[in-house]
Engineer: 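I'd like to ask you about the structure that follows.
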Amino acid sequence: MSNPSIQTTNPLTEQLLKSYPMMSDAEAMDVVETSHAAFLEWRLKSPEERAGVIASIAKELRNSKEEFAQLMTDEVGKLISDSRAEIELCASICDYTAKNGPEMLADEQHDVPSGRGLVTYSPMGVIYGIQPWNFPCYQAVRYSISSLMVGNGVLLKHSENCTGSGLMLRDIYERAGLPKGLFGVLLISHDQSDAIIEHDLVRGVTLTGSDKAGRTVAQKAAAVAKKTVMELGSNDAYMIFDDADLDLAIKTCVQGRLFNNGQTCVNAKRFIVTEKNYDAFVKGYADAFKAVTMGDPNKEESGLGPLVSRSQRDQVHKQVEESVANGAKIVAGGEIPDQAGWFYPATALVDVAPGQPAYDDEIFGPVASIIKARDDEDAMRIANDSRYGLGGGIFSKDVDRAVRMASTHFDTGMVNINTYSIASPDMPFGGVKNSGYGREHGEVGLKEFVNVKAITIAD
């Protein structure tokens, strides 16, 4: 009897792309053991040697940019320009890690009463990553490159929607000189994944996904005393203060909501606007959304591609309808178009209030929630009235005050001021509350899965 298969589908054409056989339990365990065996050699390489391979991965990613970008667009419906930009971001993560990793991981000397102390940042072992479909390359690169730099082995269970992308990334790594099998891709079910978490050779688990998935995986890992990093969902708030540059705010908030077809954990999602600016913001924002062109993500003139799947599109529409039933009002979009492909229009809601999905939950699609606040302080209160806390933003001409508000009052892991950005290799990425814990990127992210080893030497 043959194994069940994973099938990938093009969201634009709704046609089957490819079918991949799922692994048997024995095949999956072989991938773990192969990664561990390769790790035993890789951990002995110097940081500089590992950095050299990672620098080569950056070159190989750029060499493969067009092929990889096209595959991502075919698998998940990303605009082709966004796919190309994603590959470049991943290459820049490799550049940054190769340049800075050895120094960040250098031993530290300490004076201790009995002699001298040494702190080393040593590899832990095999790290298991469970990743979503919205950034097929980036989601896998951002945790794997740091772990590889440290000297760990890495496993990837990618979303079924982008199975081909996970396999292509493995091939790129190995073409660039990474030892064969050190980065292992698992084509497995959720039940098989639980067995991977429990495997004695797996030393840490990282997941990017919904808060529900995060709680489930974190509990399973905690039951076997495995360290975890969780990057979960959010409904990031962007505040438009009284003194905001309104044109800049509207333009940036439109881009921030529609980036990656609105399917990003750190999309700008809730727009909290003071009374002074509310009417003008709503009009400018709705007009901009109505002008967005849905279409083939391979065409440069398209401003919005299809959502990843029919179920994803239907879930977004259900959340919009439930919000409207509970008092929200549509000022742009809101209707499923009669055309092939899993499209959903740029949709803006006003009169958004507690008890509506548009206020309480994450809508993973191109839907904006616009909320009126009395003043700047009330805007901050509303922004923090969420179970999530990943990213967010403030628009204000008084940058010093905005920084104080961001650092002191905004209960979130990342804040943009007068801009929107997704990620930077040198800035920590992660959140608080139901948006998870732990960080990726920068020195903090590099050291999430290391053995911080204290060595004391007597004089």
Side-chain angles (χ1 to χ4, degrees), residues 34-35 37-69 71-72 83-107 120-127 129 131 135-156 158 165-185 206 229 421-429 439-451:
T34 300
S35 179
F39 152 73
L40 293 176
E41 298 293 324
W42 180 247
R43 66 180 177 151
L44 302 177
K45 301 285 187 185
S46 70
E48 289 75 19
E49 287 177 292
R50 296 195 291 261
V53 174
I54 289 169
S56 295
I57 290 172
K59 294 176 184 175
E60 193 59 37
L61 280 165
R62 291 186 173 106
N63 290 342
S64 307
K65 180 187 289 188
E66 287 306 311
E67 181 187 6
F68 205 165
L71 177 60
M72 292 196 296
S83 292
R84 291 177 181 132
E86 180 175 338
I87 302 298
E88 184 54 42
L89 171 61
C90 292
S92 72
I93 290 168
C94 296
D95 291 338
Y96 171 85
T97 306
K99 179 181 178 183
N100 299 287
E103 182 179 349
M104 290 175 177
L105 295 171
D107 294 348
T120 69
Y121 296 99
S122 303
M124 286 178 63
V126 175
I127 307 302
Q131 299 301 321
F135 289 92
C137 183
Y138 168 68
Q139 293 291 168
V141 162
R142 75 175 182 191
Y143 84 94
S144 64
I145 289 297
S146 59
S147 265
L148 292 169
M149 181 65 235
V150 167
N152 293 328
V154 179
L155 302 173
L156 168 65
H158 222 328
S165 293
L167 295 170
M168 182 178 285
L169 185 65
R170 178 197 64 194
D171 293 346
I172 287 170
Y173 280 6
E174 293 183 356
R175 284 204 301 271
L178 196 72
K180 190 170 178 60
L182 183 65
F183 177 76
V185 177
T206 180
V229 168
S421 64
I422 172 175
S424 176
D426 54 355
M427 291 291 284
F429 186 104
R439 293 295 182 267
E440 294 169 309
H441 296 321
E443 186 167 356
V444 175
L446 183 67
K447 293 178 176 177
E448 282 284 6
F449 289 108
V450 295
N451 176 8

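Numbering starts at 1 and runs along the sequence shown.
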Engineer: Does some side-chain heavy atom of V126 sit less than 4.5 Å from a side-chain heavy atom of V154?
Structural biologist: no

Engineer: Report yes or no: is the cationic atom of R43 (NZ for Lys, CZ for Arg) closer than 6.0 Å to the six-membered ring centre of F39, at no more than 45° off its axis?
Structural biologist: yes

Engineer: Looking at side-chain heavy atoms only, is the closest gap between L61 and C94 below 4.5 Å?
Structural biologist: yes

Engineer: How far does CZ of R142 sit from CD of Q131, to the nearest 0.5 angstrom?
Structural biologist: 7.0 Å

Engineer: Quick one: does W42's side chain have a donor or acceptor within less than 3.5 Å of a partner on L148's backbone?
Structural biologist: yes

Engineer: So which of E448, E440, H441 actually passes side-chain contact (heavy atoms from CB on, under 4.5 Å) with Y143?
Structural biologist: E440

Engineer: Test side-chain contact (heavy atoms from CB on, under 4.5 Å) on Y173 and S144 and set out the steps.
Structural biologist: CA-CA 10 Å; Y173 280 6; S144 64; 2.7 Å; yes

Engineer: Can you tell me if N451 uses its side chain to pair, donor with acceptor, with the backbone of Y121 under 3.5 Å?
Structural biologist: no

Engineer: Between CD of E443 and OG1 of T97, what distance do you get to the nearest 0.5 Å?
Structural biologist: 12.0 Å

Engineer: Look at atom CD of E103 and say whether more than 12 heavy atoms of other residues, nucleotides or ligands are closer to it than 6.0 Å.
Structural biologist: no

Engineer: At what distance, to the nearest 0.5 angstrom, does CG of L105 lie from OG of S46?
Structural biologist: 11.5 Å

Engineer: Show your reasoning for whether salt bridge (Lys or Arg N to Asp or Glu O under 4.0 Å) applies to R62 and D95.
Structural biologist: CA-CA 11 Å; R62 291 186 173 106; D95 291 338; 2.8 Å; yes

Engineer: With a 3.5 Å distance limit and no angle check, can you tell me whether K447 reaches the backbone of M104 through a side-chain donor-acceptor pair?
Structural biologist: yes

Engineer: Examine distances only and state if a side-chain atom of E60 and a backbone atom of I172 form a donor-acceptor pair shorter than 3.5 Å.
Structural biologist: no

Engineer: Quick check: does any side chain N or O of N152 sit under 3.5 Å from a backbone N or O of M124, one acting as donor and the other as acceptor?
Structural biologist: yes

Engineer: When you measure from the side chain of E174 to the backbone of L169, do you find a donor-acceptor pair of N or O atoms at a distance under 3.5 Å?
Structural biologist: no

Engineer: Any chance you could measure D426, atom CG, to S92, atom OG, to the nearest 0.5 Å?
Structural biologist: 9.0 Å

Engineer: Any donor-acceptor pair under 3.5 Å linking the side chain of H158 with the backbone of P136?
Structural biologist: yes

Engineer: Given P102, which of M149, R50, E49 fulfils the side-chain contact (heavy atoms from CB on, under 4.5 Å) condition?
Structural biologist: M149

Engineer: Got a second to check how far I127's CD1 is from L156's CG, nearest 0.5 Å?
Structural biologist: 13.5 Å

Engineer: Would you give the length of the straight line joining atom CG of L155 to atom OG of S35, rounded to the nearest 0.5 angstrom?
Structural biologist: 4.5 Å

